[in-house]
Structure formats: C-alpha cells, structure tokens
Amino acid sequence: MNIALKIGASALALSFAAGMAAAQDDSFWKEAGAQFEGVTLRGVTEATPPSNYIKDVLAPQFEELTGIRVDIETTSWDQMYDKAIKDMEAGTGIYDMVYIEQDIVYAYLARDFLTDITGTLEEKPELKSPTFEESMLTSFAEFFRDDDGHLYGMPVEAFIKPYLYRTDLFSDPEIMAAFEEQTGRELAPAKTHEEYTEIAEFFTQWGKDHDMDLWGATAQAHTGHAASWYEYFESVAPTFGVYNWGIDPENNYAATVENGGRMNSPEAKEALKWWLHLRDIAPPESVQSTWTEVATTFAAGRAAQGLVYGENAAWIASDENQSLVVGNVGVALPPLAEGVLEDAESGEGYLGYYDGGAFGLPVTSKNKEAALLFLQYIAQDELQADWALAGSRITNDATYDDPEVQALNEELGGYFDMLRDQGELFGGAPAYPFHAQVREATAPIFYSILTGDIGPDEGLDQMAAKAEEELSSLGYRE
Amino acid sequence: MRKGNRWLPVLFWTLISFLTLFPIYWLFVISVKPAVELFSTPSVILSDVYWQNYLDVLGDRTLRGYMINSLVISTGNAVLCTLLGFMACYALSRFDLPGKESIFFWTITNRMAPPAVFLLPLFLLLTQVYRIGDFSLADTRTGMILVYCTFNLPFAIWTLRPTLDGIPKELDEAAYVDGASAWKVISEVVFPLARPGLAVTLILTWVFAWNEYLLAATLTNFNARTLTTGLSEYVTTTGTEWGIMAAISVFTLIPALIIFSLVQRHIVTGLTFGAVKG
C-alpha cells in the first residue's frame, strides 16, 4: 500500500469513526430528549454576544436534535438579576436556567437557589451525556463549585481583565526615541506600577504637545457607579498584593489593619493613590466611565494603555465598525508590585479579575432534567469554536486548539494565549455571600474619595471600619 | 423700530422650536451613524448617512414582535380605559351617587404612589394568584392591558370628568322627553359631544402605555415584551449599541406622531372642554 493510499484509507476510517461518534451522540440527544416531548425550557440572561449565540444558534440546534424548545430571554444586566432573583425568591418557576455572574454565585449558594449539577448527574446517570465531563471545562469552572467541589453553574462566558496597550504607538520610532530620551529606558509595556505611571504621564504630555486626543491611561472611575469600586478592588488593589478586598475570612472577617485585615493597609493606600493619579491624567470622561465607557475610550484611540475587561478586548481589537484601533492592540499582564506574581503562582493571590458567568438551574425550575440536558449540550467541545469566534469567550480547554480560534487569537494580540496560559493567575470575586452588602455599605465612602470630599488614607480607614460594622451586623464577625 | 419688533417673536419662536426639536434631530443623527463615529468625535452635522442601524432593526424578527406587542397592548389599554372611564364619568356626572366625590378622588390615589410600589404585588398576582392550572395572566398581552388600567384608568376618569360635566344635562332630558332610551342618550347624544375629550384621553393613555418600561420589564418575559423593554437589550457590559437604540427610538416615535397628527385638532378642544362651564 503506497503512502497516498494509506493516508486515504486512514482519512476514510477517521471520517467513518467520526461519523459513528456523531451518530452515537445524536442518538443520545434524541433518546434523552424524547422523554421531554412538549417541554419548553425558559432561560434569562444578559444580552451579550455569547448569550445571543446561545439564543440564536445553540437553542435552535438543541431543539432540532431533541424536540425540546428553548426560549432565551435576553435583557439588560440589572433587569436580568431583578427577574431571576424575583423568580427564585417567589418560587414562581418561570425560568429553568438563569445566568449567574461569577461574583453573585456565592450569594445564590447561600440562599439555596441553585441545583447541584454534579450531584444530579450522579443521581441520574441516564441524563449524563457521553460527550460531557466536568474536566473538559477551564479553571474558570472552579468559581462555580461549592466546598465539596460540586458544580452549580455551566460556564458560558469567561474573560480576564488584561492590560491593553496601543502597539502602533509603542512601536512608533519617533515616540520610542522621545520616550527613551525622557526616561532613559526603552518604551515597552509596563511591568511595574512605576513604569506604568511613567508611560501614562509621557503619553498624556505627548497628546497635549501634539494636539492629539490622546491620554496615557484609562480609568473606570465613575464617581457614583459600582464600576469604580470594582476597578479598585478587583483590578488595582490585587496588583499591590491586597487580595479579596482586604478582608480576611480566616481571621474573623477582619478588614481593618487594627484587627488583622488589609483594606486600609499601606499597600491598599498606595494602590488607591496610584490609581487616583492615573485617573487625573486619563481622558476627561474617566470620572463618568464604567466598564463600557473605558472600552469605548480605548476603542476611540483616546488612551495609550489601560486595564480593560477581556470581553471588550475582543471587539476593540477586531471590530472595525466599533473600534479605531483594530490591529493595533497589544495584550500584557497588569503591572505588578514585587511578590504579587509569586503569590499568584503559589495560589495565595491573583493578578486581576477573572470575570464571566454560567448558566445555573434554579431549584424552582419545573423542568430541571430537560434543562440539565441543555446545559450539557452547550458545554460540548465541538460547539465551542464557533461560539468562541462569535463571543470571544472560552470555557472549555479544547477550544484553544481550533485553527480558527488560533487565527482570532493572533488578531487579539495573543489574548486567548494569555487566557489559557495565565488565566489561572487571575481570580474571580472572593467567595463572599455578603458581596453586595459590603460593596453597598462601603461604596458611598469610596465615591466621596473620588470626588475629593475625603482623602484616600482617611477614606480607606473609614471603609475598612464600615466593612467590619456591616459584617458584624450580618453576623459574620464574632 | 416697529419692523424690528415684528421679527422678535419670529426669532423667539424659532429659537424655542430649535431647542424643542434638537433632541429629535440629534436622535436621528445618532441613528444614522456607525458606532465607530459615535465613540470618537460625534458631529452635530449630518454628513454621511449610515442606514445599517435601521436595516438591523427592521431585519430583527424579535424586535418586530416587540413592536406588535406594544401596538396591541397600548391600543387595547387605551380603548379599554377610555370606554371604562367614559362609563364611570357618565355615572359620576349624571347620577346622585352617595359619596361620588369621594369615589372620584379615590380613583386617583392609585397614581399617587410610584409604580415600583406595585411591582411585586402585581408580579405575584399575575404569576400566582390569577392562575388556573397552567394558564396565568403573566407574560400575556391581556395581562399587560389590565395591568396598565391600574394607572391609566384613574387618569382617564380625571380627564373625562370635566368633559362629561361640560355636556348640559338638559340635552339628555330633551332626548328622554323625545322617547330615547338610556342607551340611545349615551350613544347618540353624550358620546358624540364628548368626542374631543375621548380623543385626548385615548391618545394620552395610549402614549403612557406605549412608553411604559418598568412594569413591562418585570411582568413580561417571552410572549408580551414591548419595544421599550427591547431597548434595554442593547445596554450591555460589552457596550451600548447607541445607533440601534436610536433607530428603535425613532421607530417608537412614528406611531405616536401619526396618531397625534390625526387627532391634534381634538386635543386643544378636549383639554379645554368644560373649563368654562356656565
């Protein structure tokens, strides 16, 4: 048998095997779905590209295969929560699937809102798809497990918050020469906070001198929106070594330095002052910017560098309809204080926020078993590549190897590589069921810091004390 | 000097018109610009026109469904409120009901609290209380037509009362003397005379229902979502689709403009009807 014949025969065998596997998979879905004839699953989620893909592509595919209809309601972020929580609290059972953002899952678990996916599949092996294993999922799934390691949400979105910079500016010979002359070092993405500040100041001045709409940094520094609170606690403080908002659950939920917490530690204060300085040299809209406006600022070419949520990084780098900097976006790790990278590598800390969400099954769902099938369906490896291309999200390890995903990765300046190789260095929100309560209690003080009514040192002291007061009233501190 | 004065009112009203119409113009400008232009340096001047936002909206089957829901719900609610309001006001105007002024005042109390106060009770009523087997009023057009009566019916009653009071009772009495039945009096004497007030009530309740967001956002899910709730789908963590939102907003203006233009001659009459009752 010559080589060509061998290759041909192998290809034929492979395609036959693949066909058999597909047929087997289809038969599972058809058989499993038959018992739920006439059932309509209803889900609520935020209208984002990954969720729209579920609604427009995956749900119809699933219906064709199983006969189970899937209606996905897409709405705004606040409406999504309002509707899902109201449904689960009142036990009305409108929804069979709800989108769970990473930072609210612990509150949902504390209130027993969600069905144990791992446990249910163990109890009912007949519902378990041969193409689904929890081990297929990326490390992001760990943020949706309880203390026993049981999964409570099927990840559908996952993004880290990287450091974006303008490759066209960073490689411009005139700018490089000017920067080197001014600072004595080569212009390159910052690794430390000092370098980041130096670059930010340089570009802000460069913009002024050359009459350009250009500033050195972005800042998600809205003076009355939770986005600024999150930017500081999720993205800035960790890079200075202040993790989990500076609250220590192992030490009686201490927040103040006095009691062993770190919310008002010297590192926290240094982090806040660093960020406030950047805010002051960022584009003027920064004081009204949430996560969305920071992205549009960067996409409009108004900032040379910035910390931007990964879900935006994708369209900024690739969508010419929305971005003026397509093809000119570089991705790097955020600037770090000494020891933070080591902390992240050892699992003691993290470099920034690992954001995203999952689909969970409310315990109030009237069609849990059918919904469980759908969640397994959308988690299959073979569906992931197209989903990643449509929504720039990756939740299964196998997705990274797809050639088209690799091509998109190049376009995104290596963002997917970073997600794969360094995603584990980023952290989700701390596992606090009191997440919203502590944020709301401390946010007014934080906004007063941003408006200049309180100094950063004094403000963080007040916030740490307020956090402990709130935790005491909630019964966490003894 | 006199000539100069003549131009002053023209200048004044031109300025006022400009200020009034500018937001609509700006909305249209946003709707015909690509996102990348809006995010960089948006210009007030309309140069290149980008129709893709409109094509996206028209091509979206879901949005078309929302539009139909909005039309059915707001029209159904406006007709129901106007008819019920007319009947209530006829009774309040023509009969000596005990405590009728208190009843009249009581109807408006529903509008004194913010709608958010009624959200949870209405949610529970629609999803759990008014339920027969698998059927409930939640997420149905009928349910939303009835829900909007909570706020629009009191408004209709308060708008129509002066109209009905302004129609002389002597006309009813003359018709009765001529042998007309109560139904004939209502349908052939009072109703035609009340037309300006009915038109105003109809259009204003229609606009309130058409523009309502809070209740629709909470009480509809898959079947009865309206156009205003559809707008919220374009505010996401990955960006706000300003162009598409503006295009939808322009679409939402069109039915209201058509209806206003059709009945505008009735509006002034209706609003002042009965104001100088003799």
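Residue numbering restarts at 1 for every chain, and letters A, B, ... go by the order of the sequence lines.
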Completion exercise
Bottom line for B/S136: the part with an atom under 4.5 Å from chain A's heavy atoms is neither

Practice task
Indicate yes or no: at least one non-hydrogen side-chain atom of B/R141 is less than 4.5 angstrom from one of B/I68.
Solution key: yes

Exercise for the section: Go through the side-chain N and O atoms of A/E46 and A/Y81 and say whether any donor and acceptor fall under 3.5 Å apart. Expected result: no

Practice task
Check for a donor-acceptor pair, side chain of A/W291 on one end and backbone N or O of A/Q220 on the other, with a separation under 3.5 Å.
Solution key: no

Practice task
Heavy-atom distances under 4.5 Å only: say whether B/L124 touches chain A with side chain, backbone, both or neither.
Solution key: side chain

Handout entry: Side chain / backbone / both / neither for A/D71 at chain B, heavy atoms under 4.5 Å
Key = both

Exercise for the section: Pick whichever of A/E73, A/E293, A/M80 has the most heavy-atom pairs under 4.5 Å with chain B. Expected result: A/E73

Fill in the blank from the handout: Max heavy-atom pairs within cutoff under 4.5 Å with chain A, candidates B/T62, B/N221, B/T127, goes to B/N221

Problem - Main-chain N/O of B/T252 paired to B/W210 side chain as donor or acceptor, under 3.5 Å - result: yes

Problem - Which portion of A/A90 sits near chain B, non-hydrogen atoms under 4.5 angstrom - result: both

Problem - Electrostatic pair B/R64:B/D60 at N-O distance under 4.0 angstrom - result: no

Handout entry: Contact origin within A/I316 toward chain B - heavy atom pairs under 4.5 Å
Key = neither

Practice task
Give, as side chain, backbone, both or neither, the part of A/Y309 having an atom under 4.5 angstrom from any heavy atom of chain B.
Solution key: neither

Exercise for the section: Could you go through the side-chain hydrogen bond (donor to acceptor under 3.5 Å, both in side chains) check for B/T140 and B/T142 one step at a time? Expected result: CA-CA 5 Å; B/T140 62; B/T142 311; 4.8 Å; no

